[in-house]
**Q** 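My structure is below; once you've seen it, I'll send some questions.
Basis for what follows: all heavy atoms, side chains included, without hydrogens, waters or symmetry-related copies. We count residues from 1, following the sequence as given.
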Amino acid sequence: MSNFTNIFILAVFLSACTPKSAEQQIQEASKLQVNGSIDEAIIALKNALVDFPSSGKARNMLGTAYFQNGQFANAEKELKLAIELGEPEQTVFPLIVKSIYYQNDFERAINTSNNYHSDNIDALSTVTLFNYLAHLRSEFSNEILQVPSSLKGDDLPLALGYFYLAKKNPIDAKLQFEMFNDPKHEVVEKAMLMALTFTSLGEIEAAIKQYDLVINIFPQYYIARFQLVELLIFSNQLQRAQTEANYLYQLNQNSAYANFLKSKIYFKQDDFALAFIHAEKAIQNGYNDSEANFLAGASAYRTEKLETARLYLTKIRSGLAPNHIANKILTEVNIRLGYTNEAIEQLPNLDLDEKQKASVLSTAAIQQFQYGNFAKATQFINEANKAEPGNAENLLKEGFIRLSANDIGGLDYLSDSIKYNDDINEAWMLIAETHLRNNDAAKALEIAQKWQETNQIDGLLLEGYIKLQTNDV
């Protein structure tokens, strides 16, 4: 081999082993970002920073790539380092504010961006916009601020849209969509505004489309995923709702909100055992609102965990409307568990029709009868018959309860029961049996013979029984 060949091979080898400069690595990462290969760009930039940790430009690009990937906490960290390393604040700071905002840390977004000044009109408008949006969404903000006049371009109708939504005026919010001119400007926040507006207007499919757009851009923007699941549940798209909820649940199985959403889905699917498990887990992890307690209580009721159902439903009773189904379930649970007085005390506050009220009182009466409390049983069944006159079954119950308490007036209620429904066999037999016990066989036979007019076979059998009891055969 010639010396020339050897020198050429050595030169190629040495050039292959020569480390790339920071600028070369940044250019390669930039091409990846432009082509949408964000994950690969992040890897390339992290590698570049291993060799050139003081490169402000690489830090800026990495922070931007993290933001594009929806990794907002990482974006904030890298962008702050970029400013420390000399990157121009007017281009970096707006993205820092947005990174904090998209972490749903609205108070910090406000505090970070308050009193911001810049000669760069676009930077100032962006920071002002997200400061304003953070104020609207902060739980500590008690007033709806007027839209800042310094907003430029699409930032102004975007802020106005949220302003009208906060004022519960989705129609005017929707009108702001027509004012957008730059389709590439704040795409995510525009889509969030549209999703919330369409939801308020009941345009569910349009709202879902906007949430899908947000998630496609920011897969890790979990608030959008949570809101999407709520909307899918509301519109009974339960299969997809389950898929999205499972994704969130796998990220953190102790997530209170993810468990709450899974409970809502299982409850709608009538899988009350799993609905109860996830509702209880949501409550244990801090999601302790009325709906979560209702899901836990109602699911416990449907799976016969009555004491547990009572626990959860009692917690939310005072904050519910009288006609809420939870109050009706709690009344039944109280009766079945023996808390009759509590159940009866609830009746005036329940929006029940007379038939429903009579049913509750009748159930309570039978329970008190089983406990041997004839006075209470008589009181409740009498109130039931006053609430729903002409209910043959309840008249039968009152007659039976009164006779059991040695009140011969029970016969009148049994007779009334037959007037409303002559097919109630028990009433005929109880009347006859009572006359027999009072040694009045003639009246007992009279009842049996009268029964034969509408039910010949049972009437004859009753007549035979009476004759056997009186040795009249």
Side-chain angles (χ1 to χ4, degrees), residues 328 331-341 343-348 350-470 472:
K328 297 177 182 179
T331 301
E332 181 180 339
V333 167
N334 278 331
I335 289 173
R336 291 178 62 185
L337 289 174
Y339 301 103
T340 310
N341 289 336
I344 299 303
E345 286 172 7
Q346 286 176 256
L347 283 182
L350 297 180
D351 186 17
L352 300 178
D353 60 33
E354 294 304 309
K355 186 174 183 178
Q356 291 171 324
K357 184 178 178 181
S359 177
V360 171
L361 287 163
S362 174
T363 304
I366 293 301
Q367 186 185 75
Q368 289 299 307
F369 174 78
Q370 291 169 342
Y371 291 156
N373 191 342
F374 294 146
K376 279 287 185 184
T378 302
Q379 175 191 337
F380 292 153
I381 195 62
N382 187 255
E383 290 178 11
N385 280 316
K386 287 179 180 177
E388 188 186 9
N391 184 311
E393 290 287 342
N394 284 342
L395 288 165
L396 169 66
K397 290 175 185 177
E398 182 161 2
F400 176 69
I401 290 169
R402 287 182 179 276
L403 289 173
S404 299
N406 297 317
D407 179 357
I408 196 65
L411 284 172
D412 295 333
Y413 290 93
L414 295 176
S415 298
D416 287 343
S417 174
I418 290 171
K419 288 179 184 176
Y420 288 105
N421 183 358
D422 59 14
D423 287 333
I424 298 182
N425 295 359
E426 294 90 339
W428 292 102
M429 291 187 287
L430 276 171
I431 294 172
E433 182 69 31
T434 301
H435 287 311
L436 276 178
R437 288 181 181 177
N438 290 333
N439 298 315
D440 195 341
K443 283 192 176 181
L445 283 170
E446 183 182 330
I447 289 297
Q449 289 161 3
K450 187 174 182 181
W451 193 11
Q452 291 170 35
E453 296 174 8
T454 56
N455 187 337
Q456 186 177 25
I457 295 174
D458 286 335
L460 285 169
L461 286 172
L462 179 59
E463 182 178 348
Y465 168 77
I466 294 167
K467 288 180 176 179
L468 280 172
Q469 295 296 314
T470 57
D472 184 17

**Q** Mind listing the closest non-hydrogen atom pair of N394 and A384 along with its distance?
**A**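 N394 and A384 have their closest heavy atoms at ND2-CB, 4.2 Å.
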**Q** Do T340 and Q368 have a side chain donor and acceptor closer than 3.5 Å?
**A**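 Result is yes, a qualifying pair exists.
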**Q** Could you pull out the closest heavy-atom pair between I466 and A432, with the gap in Å?
**A**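 Answer, listing the atom of I466 first, then A432: CD1-CB, 4.2 Å.
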**Q** Does anything in residues 371-390 form a salt bridge (Lys or Arg N to Asp or Glu O under 4.0 Å)? List the pairs, not counting sequence neighbours.
**A**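 Checked against salt bridge (Lys or Arg N to Asp or Glu O under 4.0 Å) - neighbours excluded - no pair reaches residues 371-390.
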**Q** Give every residue pair that meets the side-chain hydrogen bond (donor to acceptor under 3.5 Å, both in side chains) criterion with at least one member in residues 443-452, sequence neighbours excluded.
**A**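 Qualifying pairs: Q452-E463.
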**Q** If you round to the nearest 0.5 Å, how far is CG of L445 from CG of D440?
**A**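 Spacing of CG (D440) from CG (L445) equals 9.5 Å.
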**Q** Of all the heavy-atom pairs spanning T470 and A441, show the shortest one and how long it is.
**A**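 Where T470 meets A441 most closely, the heavy atoms are CG2-CB, 3.7 Å.
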**Q** Any chance you could measure M429, atom CE, to I447, atom CD1, to the nearest 0.5 Å?
**A**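 One gets 13.0 Å once the value is rounded to the nearest 0.5 Å.
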**Q** Any chance you could measure D412, atom CG, to E398, atom CD, to the nearest 0.5 Å?
**A**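 D412 atom CG to E398 atom CD measures 10.5 Å (nearest 0.5 Å).
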**Q** Is the backbone of K355 close enough, under 3.5 Å, to the side chain of S359 for a donor and an acceptor to pair up by distance?
**A**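 The answer is no, because no donor-acceptor pair under 3.5 Å joins these two groups.
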**Q** Can you tell me how far the CG atom of L403 sits from the CD atom of E433, to the nearest 0.5 Å?
**A**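 It comes to 10.5 Å.
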**Q** For residues D458 and N455, is any side-chain donor paired with an opposing acceptor at under 3.5 Å?
**A**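 There is such a pair between these side chains.
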**Q** Evaluate the side chain to side chain contact (heavy atoms under 4.5 Å, CB included) criterion for residues L411 and I431: first the C-alpha distance (whole Å), next the side-chain angles of each, then the deciding distance (0.1 Å), finally the verdict.
**A** CA-CA 6 Å; L411 284 172; I431 294 172; 4.1 Å; yes
**Q** Check Y420 against A392 and note the closest heavy-atom contact, atom names and distance.
**A**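 Heavy atoms of Y420 and A392 come nearest at CB-CB, 4.1 Å.
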**Q** Would you call E393-K397 a salt bridge at under 4.0 Å N-O?
**A**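 Judged by the 4.0 Å cut-off on N to carboxylate O distance, E393 and K397 do not form a salt bridge.
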**Q** Sub-3.5 Å donor-acceptor pair from the side chain of S362 to the main-chain atoms of A358, do we have one?
**A**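 Between the backbone of A358 and the side chain of S362 there is no qualifying donor-acceptor contact (under 3.5 Å).
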**Q** Nearest 0.5 Å, what's the OG1-CD1 distance between T331 and I344?
**A**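 It is 8.5 Å, given to the nearest 0.5 Å.
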**Q** Side chain to side chain contact (heavy atoms under 4.5 Å, CB included) between T434 and I408: does it pass, once the steps are laid out?
**A** CA-CA 9 Å; T434 301; I408 196 65; 3.8 Å; yes
**Q** Are F369 and F400 close enough that their ring centers fall under 6.0 Å?
**A**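 So the answer is yes for these two rings.
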**Q** Sequence neighbours excluded, which residues qualify as side-chain hydrogen bond (donor to acceptor under 3.5 Å, both in side chains) partners of S417?
**A**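 Partners of S417 under the side-chain hydrogen bond (donor to acceptor under 3.5 Å, both in side chains) test: none.
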**Q** Are the side chain of W428 and the backbone N or O of D422 linked by a donor-acceptor pair below 3.5 Å?
**A**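 Indeed, once roles are kept as given, a pair shorter than 3.5 Å links the two residues.
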**Q** Check the pair L361 / Q356 against side chain to side chain contact (heavy atoms under 4.5 Å, CB included), numbers first and verdict last.
**A** CA-CA 9 Å; L361 287 163; Q356 291 171 324; over 6 Å; no
**Q** Any chance you could measure L396, atom CG, to N385, atom CG, to the nearest 0.5 Å?
**A**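 L396 atom CG to N385 atom CG measures 10.0 Å (nearest 0.5 Å).
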**Q** Could you tell me which non-hydrogen atom of S404 sits nearest to which non-hydrogen atom of F374, and how far apart they are?
**A**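 Result for this residue pair: O-CE1, 3.9 Å.
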**Q** For residues A427 and L414, report the shortest heavy-atom separation together with the two atoms involved.
**A**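 Residues A427 and L414, closest heavy atoms: CB-O, 4.1 Å.
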**Q** Any non-hydrogen side-chain atom of L436 less than 4.5 Å from a side-chain atom of Y465?
**A**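 Counting from C-beta outward, L436 and Y465 do come under 4.5 Å.
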